[in-house]
Amino acid sequence: MKKHVEALITSSLEQLQNTGKLPQGIEANIKVERTKDRKFGDFSCNVAMILAKAAQCSPRELAQSILDHLPPSSQLVKAEIAGPGFLNFFLEAEAYHDVIGDILKAKEKYGQCNLGQGKKVLVEFVSANPTGPLHVGHGRGAAYGATLGNFLSEVGYRVHREYYVNDAGRQMDILATSVWLRYLELLGEKVIFPRNGYQGDYVKDIAQQIQKNKGNALRHSADAIFTPDIPTDLQEDGSGDKEAHVDALIQKAKTLLGASDYAYIHLQGLNDILNDIRQDLGEFGVEFDEWFSERTLTQSNHLDKAIQQLKAAGHTFEEKGALWFRATEFGDEKDRVLVRENGQHTYFASDVAYHLNKFDRGFDFAIDIFGADHHGYVPRIHAFMKALGMDPNRLQVHLVQFAILYRGKERLSMSTRSGSFVTLRELRKEVGNDAARFFYVMRKCEQHMDFDLELATSKTNDNPVYYIQYAHARICSVFRQLAEKQLTWDEQQGLQNLTTLTQPQEDLLLESVSRYSEIVQASAINYEPHIMVHFLRDLANHLHTYYNACQFIVDDAPLRDARLCLISAVRQALANGLRLLGVSAVESM
RNA sequence: GCGCCCGUAGCUCAGUUGGAUAGAGUGUUGGCCUCCGAAGCCAAAGGUCAGAGGUUCGAAUCCUCUCGGGCGCACCA
């Protein structure tokens, strides 16, 4: 439909160029848009205003010329000039009818297209440290990433979803040490748990499992651990150093346990938490094609190779015993350490290796979805890509802002380390998966968001999730009624009688549902699933209005079949849209 | 101090990349079930788009500054 209007304008413009009224070679991309108001017709175009200068006449004058050269079209009722020079197109009602047939024919495939041309894209998201359960902050990234993946794949990209598992760093050592200390507690050792350790109860659960498997084989006395050479932990009065304290305990664990036993605890913790995360996300409808381990980068030499590449390109230098990347030459605000004085590589080094690896795997482009607190290292990733001669546009970073939880007016605090955070699992349990997925993507991702638990759980108040699901369920209910009345729906006859749909509510609903595939594309190419959310709300509204105004199951069979075609198409669009959002389209509620 | 995100109705947010009279939900007020599901519909009221300049036919949108909020600024991850 939209394409048809575009074709008409293009044809007219070519005519004008051939007759010399427009200069050759100006290639303004013609933008045909849905009108904001029905009184402006169905589609509008601003090309006359844009090209007025080049044509050396007023916008309205040019608009008139364009109108004069429009080729005839059976779908067009009229086209007129409005305001400063808009071209407004009024279409025959029949122009919308094809959409109904298309939807009913394509069913759950309706809305798919080949915009992405099969290009391979890697979407990395969540990637939370496996040091504890996911909390509500991770939930937004999970919902957004999964939904974005759905949209990209719907418009023809080959999407690879990936979770980067930070299984190699200091945080994991802190976890392993925390587990070990809890284990010793279980055996009756008098340990003083470090402030900087992981406090959550899940650590005790892992310790218990280890005790079950290993008995007291990993036991060492508290006296042997808390020796005088360990720096004191942070005290109430502010003295001491919690970082130095925990680092010393890690060293102690490694030496006392030996490499193999330490690795056992480390792995036990990692596996337990990763399994928990995997299950949590699975229940949330978030699946990954790959869980990419940071450790494999070191084991497979990717990390060394990456560092060598930067070295070879001459973008590194040594200072104070460390190896640095000259990031400032590529737009970053400071240079970054790759290898520390103690010989250990930094997180940034493995990130370089990881992103190099992504592109080595043959992806056309990659998308990183980070929490907003990570925005600081977008420039440094782009910096090393530039340093190695890669096009930084091949990596797009989307920052997801935090969600602030409210219960009614009360703001819920979230402190992670203390263990008093709200987990994603708790949230899902309280509000349900559908509402959680919906609320997370309801807002633009870079928008700060208030997540009101009370609103999300309300079934009586106006909850947007239920509002849309209700529209779907209502249509299903109509078809149940039809069966109860021993009536059937003749789809073919309905399609042939769509001209009987002359009610104003039918007009509006038809117009609304015809936008569906445009909305899928807009959501995908802008990386903004919330566009779909707002559309579905709007579509549901038109359905409810129609429902209140007209009876669908009427005696007049052709009219009845036509109306059932219309609402059946609406049901399909609602179902497809909800599926992309990861929300279920229920048949009754 | 420097950088990133943001500021739109009482509240929560849209505004399709510069278009027409700035829109929804919620809240407030008033209507609508003998009828396919009232978790619904309709109507009214509600605005200096944080503020000030600038760019042009035209700005909530782009540029500069100011104010206000969130988040970053490690040889941590």
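Labels below follow one simple rule: chain letters A, B, ... track the order of the sequence lines, proteins then strands, and each chain is numbered from 1.
One finds a salt bridge joining A:Glu243 and A:Arg170 here, because a Lys/Arg side-chain nitrogen approaches an Asp/Glu carboxylate oxygen to under 4.0 Å. Under the 4.0 Å criterion applied to side-chain N and carboxylate O atoms, A:Glu333 and A:Arg380 are not assigned as salt-bridge partners. A salt bridge links A:Arg515 with A:Glu511: at least one charged nitrogen is closer than 4.0 Å to a carboxylate oxygen. Look at A:Glu124 and A:Lys358 and you find a salt bridge, because one of the NZ, NE, NH1 or NH2 atoms lies within 4.0 Å of a carboxylate O, short of that distance.
Looking only at side-chain heavy atoms (C-beta outward), A:Phe86 and A:Val47 stay at 4.5 Å or farther from each other. Residues A:Val586 and A:Tyr470 fail the side-chain proximity criterion, which asks for heavy atoms closer than 4.5 Å. Under the 4.5 Å side-chain criterion, counting only non-hydrogen atoms from C-beta, A:Asp368 is in contact with A:His355. A:Ser127 has its side chain out of reach of A:Phe370: every pair of non-hydrogen atoms, C-beta onward, lies at least 4.5 Å apart.
Among the atoms of the strands shown, base atoms are found under 4.0 Å from some heavy atom of A:Ser588. The residue A:Met449 sits close only to the backbone: its heavy atoms come under 4.0 Å of sugar-phosphate atoms, none of a base. Counting non-hydrogen atoms under 4.0 angstrom, A:Ile531 reaches nothing in the nucleic acid. In this structure, A:Ser477 reaches the bases: a heavy-atom distance under 4.0 Å links it to at least one base atom across the strands shown. No engagement by A:Ala471 is indicated, since no non-hydrogen atom pair under 4.0 Å with the nucleic acid exists. In this structure, A:Cys445 reaches neither bases nor backbone, as no heavy-atom distance under 4.0 Å exists between it and the strands shown. If you check every strand for non-hydrogen atoms under 4.0 Å, A:Thr131 touches nothing. Heavy atoms of A:Met442 sit nowhere under 4.0 angstrom from any nucleic acid atom. Base engagement by A:Asn88 is indicated by at least one non-hydrogen atom pair under 4.0 Å involving a base atom. Contacts of A:Tyr547 with the nucleic acid, taken as non-hydrogen atoms under 4.0 Å apart, include base atoms.
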Shorter than 3.5 Å, N or O on both sides, protein versus nucleotides 74-77 of chain B: list them out with atom names.
unit_1	atom_1	unit_2	atom_2	d
B:rC75	O2	A:Glu341	N	2.6
B:rC75	N4	A:Lys320	O	3.1
B:rC76	OP1	A:Arg340	NH1	3.1
B:rC76	OP2	A:Arg340	NE	2.1
B:rC76	OP2	A:Arg340	NH1	3.0
B:rC76	OP2	A:Arg340	NH2	3.4
B:rA77	OP1	A:Arg340	NH2	2.5
B:rA77	OP2	A:Tyr347	N	3.1
B:rA77	O2'	A:Asn129	OD1	3.1
B:rA77	O2'	A:Asn129	ND2	2.8

N/O-N/O pairs, protein side and nucleotides 3-6 of chain B side, under 3.5 Å:
unit_1	atom_1	unit_2	atom_2	d
B:rG3	N2	A:His375	NE2	2.5
B:rC5	O2'	A:Gln401	NE2	3.2
B:rC5	O2'	A:Glu446	O	2.8
B:rC5	O2	A:His448	NE2	3.3

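B:rG31 and B:rG70: their C1' atoms are spaced 43 Å apart (whole Å). When the C1' atom is used for both B:rA9 and B:rC2, the distance is 36 Å, rounded to whole Å. Separation of the C1' atoms belonging to B:rG25 and B:rA39 is 15 Å when rounded to the nearest angstrom. The gap from the P atom of B:rU61 to that of B:rG54 amounts to 14 Å, rounded to the nearest Å.
An anti orientation is assigned to B:rC73, its glycosidic angle lying beyond 90° of 0. Glycosidic conformation of B:rU17 is syn; the angle stays within 90° of 0.
Taking atom CG of A:Asn46 as the reference point, atom P of B:rU56 lies 19 Å away to the nearest angstrom. The CZ-P distance, from A:Phe438 to B:rU12, rounds to 19 Å in whole Å. Rounded to whole Å, atom P of B:rA14 lies 23 Å from atom CZ of A:Arg34. When the P atom of B:rG31 is taken as reference, atom CG of A:Asn548 falls 18 Å away, rounded to whole Å. For the pair A:Leu543 CG and B:rA39 C1', the interatomic distance rounds to 14 Å; values are reported in whole Å. Taking atom CD on A:Glu528 and atom P on B:rU61, their separation rounds to 18 Å, with Å as the unit. Across the protein-nucleic acid pair, A:Phe552 atom CZ and B:rG40 atom C1' stand 12 Å apart, rounded to whole Å.
B:rG37 has no stacking from A:Tyr470 on its base ring, since the centres under 5.5 angstrom apart and planes within 30 degrees of parallel are not both found.
Between the side chain of A:Asp373 and the base of B:rG72 there is no donor-acceptor pair of N/O atoms closer than 3.5 Å.
When the options A:Thr500, A:Ile567, A:Leu501 are evaluated for a side chain to side chain contact (heavy atoms under 4.5 Å, CB included) with A:Glu506, the one that passes is A:Leu501.
Among the duplex regions that RNA chain B forms, those built from at least three successive Watson-Crick or G-U pairs under 3.5 Å are B:1-7 with B:67-73, B:10-13 with B:23-26, B:28-32 with B:40-44, B:50-54 with B:62-66, ordered by first number.
A cation-pi arrangement is present between A:Lys78 and A:Phe90, with the terminal nitrogen or guanidinium carbon under 6.0 Å from the aromatic centre and inside a 45° cone about the axis. The side-chain tip of A:Arg336 does not point at the ring of A:Phe384 from less than 6.0 angstrom away and within 45° of straight on.
Neither OP1 nor OP2 of B:rG25 sits under 4.0 Å from any side-chain N or O of A:Tyr467. In this structure, A:Asn541 does not reach the B:rA24 phosphate: none of its side-chain N or O atoms is under 4.0 Å from OP1 or OP2. Distances shorter than 4.0 Å separate some side-chain N or O of A:His530 from OP1 or OP2 on B:rG15. Regarding contacts with the backbone of B:rA38, a side-chain N or O of A:Arg474 is found under 4.0 angstrom from either OP1 or OP2.
The environment of A:Glu491 atom CD is dense: over 12 non-hydrogen atoms of other residues, nucleotides or ligands sit within 6.0 angstrom. Crowding of A:Lys242 atom NZ: a count of heavy atoms from other residues, nucleotides or ligands under 6.0 Å not exceeding 12.
Ring-plane geometry between A:Tyr354 and A:Phe292 is classed as tilted, the angle between the planes lying from 30 to 60 degrees on a 0 to 90 degree scale.
The stretch residues 548-567 of chain A participates, sequence neighbours left out, in these ring pair (Phe, Tyr, Trp, His ring centres under 6.0 Å) pairs: A:Tyr546-A:Phe552, A:Tyr547-A:Phe552. Applying the side chain to side chain donor-acceptor pair (under 3.5 Å) test to residues at least two apart or on different chains, the pairs with a partner in residues 548-562 of chain A are A:Gln493-A:Asp561.
In this structure, A:His472 NE2 and A:Leu539 CG are separated by 11.0 Å, a value rounded to the nearest 0.5 Å.
Among the nucleotides B:rG37, B:rG19, B:rG15, the one closest to the side chain of A:Arg480 is B:rG37. In this structure, the nucleotide among B:rG37, B:rA24, B:rG19 sitting nearest to the side chain of A:Phe86 is B:rG19.
Within residues 510-524 of chain A, no residue has any heavy atom under 4.0 Å from RNA chain B.
Each of A:Cys550 and A:Met49 was assigned the nucleotide of RNA chain B with the nearest heavy atom; the assignment lying further toward the 5' end belongs to A:Met49.
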